[in-house]
Amino acid sequence: VIRDECQKFVPDKYLCDDLVNDVAIILMGKPSELILDLFQKGEIVFYIRRIVKNQVCSQTSPFYKDYIQFDIKSFGYAENI
């Protein structure tokens with residue numbers, strides 16, 4: 001489920017792998033009661049999707065700062081070559 005949601009936002013396989021790991025770490029840091037409650041209510045996919053979206057789109061997220069922002073800056077340099 002995590003990989004499927006990550007692939008919707010990040011088509012690059014290697015970048016997607018890193019995002020999957022980041023989302024898994026975020027989920028492991030949450031209380032188990034929260035995760036079980038989300039599973040029981042059928043809301044876990046929406047919760048994962050929100051985490052993925054926040055990681056990819058929020059300019060203050062660690063994933064954005066480490067990967068997306070880096071790619072944007074690198075791409076800008078490559079245009080001048």
Output, in order, the C-alpha distance, side-chain angles, deciding distance and verdict of side-chain contact (heavy atoms from CB on, under 4.5 Å) for Phe63 and Asn54.
CA-CA 9 Å; Phe63 183 82; Asn54 287 341; over 6 Å; no
Indicate if [X] and [Y] have the same hydrophobic cluster label, given that clusters are the connected sets of ILVMFWY residues with side-chain heavy-atom separations under 4.5 angstrom.
X: Val45; Y: Leu19; answer: yes
X: Phe39; Y: Ile51; answer: yes
X: Phe46; Y: Val20; answer: no

Side chains of Val52 and Ile48, heavy atoms from C-beta outward: is any pair under 4.5 Å?
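Of all side-chain heavy-atom pairs linking Ile48 with Val52, at least one is under 4.5 Å.
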Pro62 side chain reached by Asp22 side chain, heavy atoms, under 4.5 Å
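Contact flag for Asp22/Pro62 side chains = no.
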With Asp17, which residues qualify under salt bridge (charged side-chain N to carboxylate O under 4.0 Å, His left out), at least two apart?
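Partners of Asp17 by the salt bridge (charged side-chain N to carboxylate O under 4.0 Å, His left out) criterion, ordered by chain and then number, come out as Arg3, Lys13.
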Heavy atoms only: give me the nearest Gln59-Tyr64 pair and the separation to one decimal.
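Heavy atoms only, the tightest pair is CA-CD2, 3.4 Å.
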Each residue besides Met28 in its hydrophobic cluster should be listed here, by chain and number; the cluster joins Ile, Leu, Val, Met, Phe, Trp and Tyr at side-chain heavy-atom distances under 4.5 Å.
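Other cluster members: Ile25.
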Report the distance from atom [atom1] of [X] to atom [atom2] of [Y], rounding to the nearest 0.5 Å.
X: Asp18; Y: Cys6; atom1: CG; atom2: SG; value: 10.5 Å
X: Gln7; Y: Leu15; atom1: CD; atom2: CG; value: 11.5 Å
X: Tyr47; Y: Ile26; atom1: OH; atom2: CD1; value: 9.0 Å

Checking the side chain of Ser61 only, and the main-chain atoms of Ser58 only, is there a donor and an acceptor separated by less than 3.5 Å?
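Yes; judged by distance alone, with no hydrogens or angles, the pair exists.
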In plain terms, say whether Asp4 and Lys8 are close enough for a salt bridge, that is, a side-chain N and a carboxylate O under 4.0 Å apart.
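Not counted as a salt bridge, because no side-chain N and carboxylate O are separated by less than 4.0 Å.
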Test of understanding: with side-chain contact (heavy atoms from CB on, under 4.5 Å), list the residues that count as partners of Lys53, not counting sequence neighbours.
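Partners of Lys53 by the side-chain contact (heavy atoms from CB on, under 4.5 Å) criterion, ordered by chain and then number, come out as Phe9, Arg50, Cys57.
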